[in-house]
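In what follows, a structure is listed as structure tokens, so that the remarks can point back to it.
Small disclaimer: the values here were computed from a predicted structure and weren't measured. Proteins get letters first, then strands, A, B, ... in listed order; numbering begins at 1 in each.
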Number of protein chains: 2
Amino acid sequence: MGFRYEIRLSGSGGQGLILMGIILAEAIGIYDGKQVAQTQSYGPEARGGSSKSEVIMSDEEIDYPKAMSLDLLLAMNQKACDEFYPDLKPEGLLIVDSTFVTQLPTLKALQIPFTRIAREKFKREVVANIIALGALSQLTPIVSLKAVESAVLARVPKGTEKLNRDALKAGMVAAKRAKKDRMKAVLTPEIPKEDLLDSY
Amino acid sequence: MGFRYEIRLSGSGGQGLILMGIILAEAIGIYDGKQVAQTQSYGPEARGGSSKSEVIMSDEEIDYPKAMSLDLLLAMNQKACDEFYPDLKPEGLLIVDSTFVTQLPTLKALQIPFTRIAREKFKREVVANIIALGALSQLTPIVSLKAVESAVLARVPKGTEKLNRDALKAGMVAAKRAKKDRMKAVLTPEIPKEDLLDSY
């Protein structure tokens, strides 16, 4: 079996997770030229305002396009974090929007206030998903920054290119800071080191 | 095994097939409240400008979200029609954009000039996908017109609501006409009746 990498983007309807999944899949599949499948499923839970979008990347043709064991989980609200954390691999990466997620299931989580950055820096909550995309492309080796930028610019409305490019950059900067903050936390005696270090 | 209905929307990149898939899935899954999975896959062929989007509907949870045997194929260009027609069930429905598809693999195909209607009636080629959605919702029993309209209005840019509502309606009217035209063709002796009638 070849290499397979599974991502789930989860949160509330209206947080732009479906567009985010499409952009990420296009970045990987069209601009980086790999095999990728992108899926969303709707059922009774969609009526409650939950939203999730999955991106599966592989070096072979993807026969089964649904995530089974996540390499990366983005949780943009507490409910999604609680519900989907059990689907994450032990060595998988959890990224949360710390604007809404306050109770962490693991100390290894990376906390980034995507929505707060969108509000405060851009006065546009709607770019929280693009900030999160910038952070993801900084934190995972499976997609290039250049491919993500090309895919974003191909999908966002005309006239919003600068806003979206700036949002991507803000996400990358925030991701670097979140990694540093987590490293610093290692120095505080309350948190066991092995919980913090073994995922990187 | 429960009821399962598989749709593939296919054509070129830029024809809006991914948005169309999302709107259709949201109409079925959120507004009509059924189980639905929506997928796009990218691989080497995506670089050549091909695009396809799939929507699977079921009355049970969908374990395998990829289409295996199509109930409905929309082909918005000749290449997609040639490539995917073999995946259609014998009793499945083929709908083609007759602006671009001139060689039909079956006389049972419904021919509707989506792109030409978009150009001539709306002066906006970009609404061809919404016209096609209107036709689909007229031609299949699996989604309600009301759900499709709600899903379209929730996804399209603000200020384009009237344009999109009119495009949906144009698609419904065109679908009715295409069905009549196909019935009329039965009367011409060159076409064997059984080829025309056995899918309706």
Side-chain angles (χ1 to χ4, degrees), chain A residues 2 6 12-14 16-68 126 143 147 150-151 154-160, chain B residues 2 12-14 16-68 126 142-143 147 150-151 154-160:
Chain A
E6 302 190 347
S12 314
L17 297 163
I18 293 177
L19 177 63
M20 191 180 166
I22 289 167
I23 290 174
L24 188 57
E26 292 182 343
I28 299 169
I30 300 178
Y31 297 95
D32 276 349
K34 290 165 195 148
Q35 299 277 345
V36 60
Q38 192 278 318
T39 304
Q40 30 273 340
S41 300
Y42 306 84
E45 78 285 358
R47 314 206 86 180
S50 290
S51 180
K52 78 173 197 244
S53 175
E54 294 181 345
V55 179
I56 314 284
M57 182 198 136
S58 179
D59 56 1
E60 303 176 341
E61 205 182 327
I62 297 165
D63 274 331
Y64 190 77
K66 232 173 155 176
M68 296 170 287
V126 77
V143 66
S150 302
R155 277 281 165 203
V156 297
K158 268 181 197 156
T160 68
Chain B
S12 316
L17 298 163
I18 293 178
L19 177 63
M20 190 181 167
I22 289 168
I23 290 174
L24 189 57
E26 290 181 345
I28 299 169
I30 300 178
Y31 297 94
D32 276 350
K34 291 166 193 147
Q35 300 277 346
V36 60
Q38 191 278 318
T39 303
Q40 29 273 339
S41 300
Y42 306 84
E45 78 285 359
R47 315 206 83 180
S50 290
S51 180
K52 78 173 197 244
S53 174
E54 294 181 345
V55 179
I56 314 284
M57 183 197 135
S58 179
D59 56 0
E60 303 176 342
E61 204 181 330
I62 297 165
D63 274 329
Y64 189 77
K66 233 174 153 174
M68 296 170 289
V126 77
I142 61 137
V143 67
S150 302
R155 277 280 164 204
V156 298
K158 267 181 198 155
T160 68

Best-contacting candidate, A:G29, A:A25, A:G13, against chain B by heavy atom pairs under 4.5 angstrom: A:A25
Straight-line distance of B:L19 CG to A:R155 CZ, nearest 0.5 Å: 8.0 Å
Only pairs of heavy atoms separated by less than 4.5 Å count here; which of A:T39, A:I56, A:I28 has the most with chain B? A:T39
Separation between CD of B:E26 and CD1 of A:I18, rounded to the nearest 0.5 Å: 5.0 Å
Would you sort out whether A:I62 and B:Y42 count as a side chain to side chain contact (heavy atoms under 4.5 Å, CB included), showing the intermediate values? CA-CA 10 Å; A:I62 297 165; B:Y42 306 84; over 6 Å; no
Tell me, side chain or backbone of B:I30 under 4.5 Å from chain A's heavy atoms, or both, or neither? both
Rounding to 0.5 Å, atoms NZ (A:K66) and CG (B:D63) come to a distance of 5.5 Å
